[in-house]
Amino acid sequence: MKTLIKKVDAEFPENSLTIFETAAKIINSGGLVAFPTETVYGLGANALDSNAVKKIYAAKGRPSDNPLIVHISDISELYPIVSYISDKALKLIDAFWPGPLTLIFNKTDIIPYETSGGLNTVAIRFPSNKTAQLLIKQAAVPIAAPSANSSGKPSPTRASHVEFDLNGKIDMIIDGGGSKFGLESTIIDVSSEIPCILRPGSITKKMIEDVIGNVEIDSAVIKENTMPKAPGMKYKHYSPLANVTIVSGDIENTVKKINSLAFKSVSKNINTAIIATTQTENQYKYGTILVAGDRNKPETIAKNLFKILRKCDYLNIKEVYSESFDSDGIETAIMNRLKKAAGNNIIYV
Ligand code: TXA
Ligand code: MG
């Protein structure tokens, strides 16, 4: 299959209407279109068409018990596909949609089990990205979209990442530039009485609690070796080909330990990289230094993390040593992804 790749202006995607007409035609005839969102790129299909949705699993190599997120472009599109919306859910919708928050509801019959991974619930997201909104509007159906990476790889934060993983396997890629947030949406289950965060993201627990009061966080997000409630969270994920080790502790000891580990690795002639921050980059002496971002602006680290993990593959790195991010804001999401990339390989200093 030849993959059509088309660029749109992230600010003014409406100037490229013919591109959206082409993309909508593909979606409406059961094909696959990758598109930008404010979090990461998604791989879209008509969420109501079980055959189209099956193609997503095939293209990504994704296990079929891992449900998809359904994307909408207006709140009115929510009512036909979910059976009940609690007051707390309404408050979250009002506060955070459109934006990087996914809500889990009980589904209606028009959502096929292929989309919900066999569950009676369905995950819904109303993205703020204009290109994503225009595509959904033009297709006039809800669009099921997981992240547009090969299963197990870091999520794509630019069109070239999607092309690298899926070129020749999908009908079209809409290139709308780099992702604003760079980590996947926060997922919160509002299908039962007490809301529960299943995946941390840029919308933090505190931001959610400011709107609806106490919420739980799935213990698997924090504790190792616990079965997560979001099926997709149990899979090894975000992994570069290299061995990743996280070093956790105060900054001074972390730098010392990483320098000693990197020295050992480099002296064995192993291609080595260090994931550093603007605060520490000048203190490392060995290997390739990759600066994730600024510790005082953790959103910069969130935005760059997947790009850096992909760069490790590109540079043929075999051993990665990363600093740790231990505050409880967006750092929770950063560490959740980093721990998966490391297969929970952490050294405490
Ligand atoms: O930011 C995002 O959410 C991106 C963009 C494209 O919107 N999408 C994304 O999709 O990250 P994906 O498929 O990579 O991750 C969806 C996660 C998986 O861990 C899946 O198991 C969980 O959501 N999920 C989906 N439906 C669910 C449900 N009904 N109950 C529990 N977890 C669910
Ligand atoms: Mg994914």
Side-chain angles (χ1 to χ4, degrees), residues 32-45 47 53 56-57 59-73 81-83 96-107 111-129 131-133 135-136 142-157 161-162 165-166 174 176 179-192 195-203 218 220-221 227-239 302 306 333 336-337 340-341:
L32 303 184
V33 176
F35 61 97
T37 82
E38 68 277 22
T39 56
V40 300
Y41 273 71
L43 178 59
V53 163
I56 292 181
Y57 290 94
K60 279 182 60 98
R62 180 179 176 107
S64 62
D65 71 339
N66 190 0
L68 306 176
I69 296 176
V70 175
H71 296 66
I72 58 175
S73 62
I81 54 182
V82 309
S83 62
F96 298 114
W97 277 8
L101 181 71
T102 295
L103 301 177
I104 294 182
F105 299 94
N106 289 310
K107 76 176 195 68
I111 295 290
Y113 282 109
E114 283 77 8
T115 298
S116 71
L119 301 173
N120 290 318
T121 52
V122 64
I124 315 275
R125 178 156 121 70
F126 177 178
S128 60
N129 180 284
T131 302
Q133 290 183 359
L135 174 65
I136 302 162
I143 292 185
S147 48
N149 51 290
S150 293
S151 205
K153 287 286 149 202
S155 296
T157 55
H161 298 164
V162 182
D165 282 12
L166 299 175
I174 304 178
S179 305
K180 179 175 170 198
F181 292 104
L183 292 182
E184 307 88 342
S185 60
T186 305
I187 302 180
I188 183 161
D189 186 344
V190 289
S191 67
S192 54
C196 180
I197 295 175
L198 306 189
R199 181 173 71 183
S202 299
I203 293 181
D218 184 7
V221 167
M227 184 55 97
K229 290 181 182 155
M233 297 284 282
K234 70 176 176 277
Y235 296 107
K236 188 173 156 71
H237 218 266
Y238 315 115
S239 354
F306 290 153
N336 172 262
R337 308 309 193 270
K340 282 185 197 294

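We're numbering straight along the sequence, starting at 1. Counting convention: from 1, in listed order, for ligands and their atoms alike. These figures come from a predicted structure and were not determined experimentally.
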**Request:** Apply the test side chain to side chain contact (heavy atoms under 4.5 Å, CB included) to residues Lys60 and Asn149: give CA-CA distance (whole Å), side-chain angles for both, the deciding distance (0.1 Å), then the verdict.
**Result:** CA-CA 7 Å; Lys60 279 182 60 98; Asn149 51 290; 3.4 Å; yes
**Prompt:** After noting the C-alpha distance and the side-chain angles of Ile81 and Val122, does the key distance pass the side chain to side chain contact (heavy atoms under 4.5 Å, CB included) rule?
**Reply:** CA-CA 8 Å; Ile81 54 182; Val122 64; 5.6 Å; no
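Annotation: Ser147 places an N or O atom under 3.5 Å from an N or O atom of ligand 1; distance criterion only. The shortest N/O to N/O separation between Thr39 and ligand 1 falls below 3.5 Å.
Counting heavy atoms closer than 4.0 Å to ligand 1, residue Asp189 contributes nothing at all. Only the side chain of Arg62 comes within 4.0 Å of ligand 1, judged by heavy-atom distances. Contact annotation: for Leu119 versus ligand 1, heavy atoms closer than 4.0 Å belong to the side chain alone.
Using a cut-off of 2.8 Å, one finds that Ser155 contributes no N/O/S atom close to the Mg ion (ligand 2).
Remark: among candidates Pro63, Cys196, Pro67, Pro231, the nearest residue to atom 26 (N) of ligand 1 is Pro67, based on non-hydrogen atoms.
Those atoms of ligand 1 that come under 4.0 Å of a heavy atom in Gly42, given as number and element, are 6 (C). Those atoms of ligand 1 with a heavy atom of Thr121 less than 4.0 angstrom away are 28 (C), 29 (N), 30 (N). Taking every non-hydrogen atom of Glu184 and a distance limit under 4.0 Å, the qualifying atoms of ligand 1 come out as 1 (O), 2 (C), 11 (O). Every atom of ligand 1 with a heavy atom of Ile104 under 4.0 Å away is listed here by number and element: 27 (C), 28 (C), 29 (N), 30 (N), 31 (C), 32 (N), 33 (C). Numbered from 1 in the order shown, with element, the atoms of ligand 1 that lie under 4.0 Å from a heavy atom of Ile69 read 3 (O), 8 (N), 9 (C), 10 (O), 16 (C). Taking every non-hydrogen atom of Ile187 and a distance limit under 4.0 Å, the qualifying atoms of ligand 1 come out as 17 (C), 22 (C), 23 (O). Less than 4.0 angstrom separates some heavy atom of Asn66 from each of these atoms of ligand 1: 18 (C), 20 (C), 21 (O). Listed by atom number, the atoms of ligand 1 under 4.0 Å from Ser185 heavy atoms are 1 (O), 2 (C), 3 (O).
Geometrically, Lys153 does not engage Phe306 in a cation-pi contact defined by less than 6.0 Å to the ring centre and at most 45° from the axis.
With hydrogens and angles disregarded, a donor-acceptor distance shorter than 3.5 Å links the side chain of Tyr41 to the backbone of Gly176. Counting only distance, with no hydrogens or angles, the side chain of Asp165 and the backbone of Ser150 share a donor-acceptor pair below 3.5 Å. Remark: side-chain polar atoms of Thr39 are not paired, donor with acceptor, to backbone N or O of Pro100 under 3.5 angstrom. Using modelled atom types, one side-chain atom of Ser179 and one backbone atom of Thr157 make a donor-acceptor pair closer than 3.5 Å.
At least one heavy atom of His71 sits closer than 4.0 Å to an atom of ligand 1.
The pair Glu184-Arg125 does not meet the salt-bridge criterion, since no charged nitrogen lies less than 4.0 angstrom from a carboxylate oxygen.
Every residue two or more places apart in sequence or in another chain was checked for a ring-ring contact (aromatic ring centres under 6.0 Å, His included) with Phe126, and none qualifies.
Counting heavy atoms from C-beta on, the side chains of Arg62 and Leu68 come closer than 4.5 Å.
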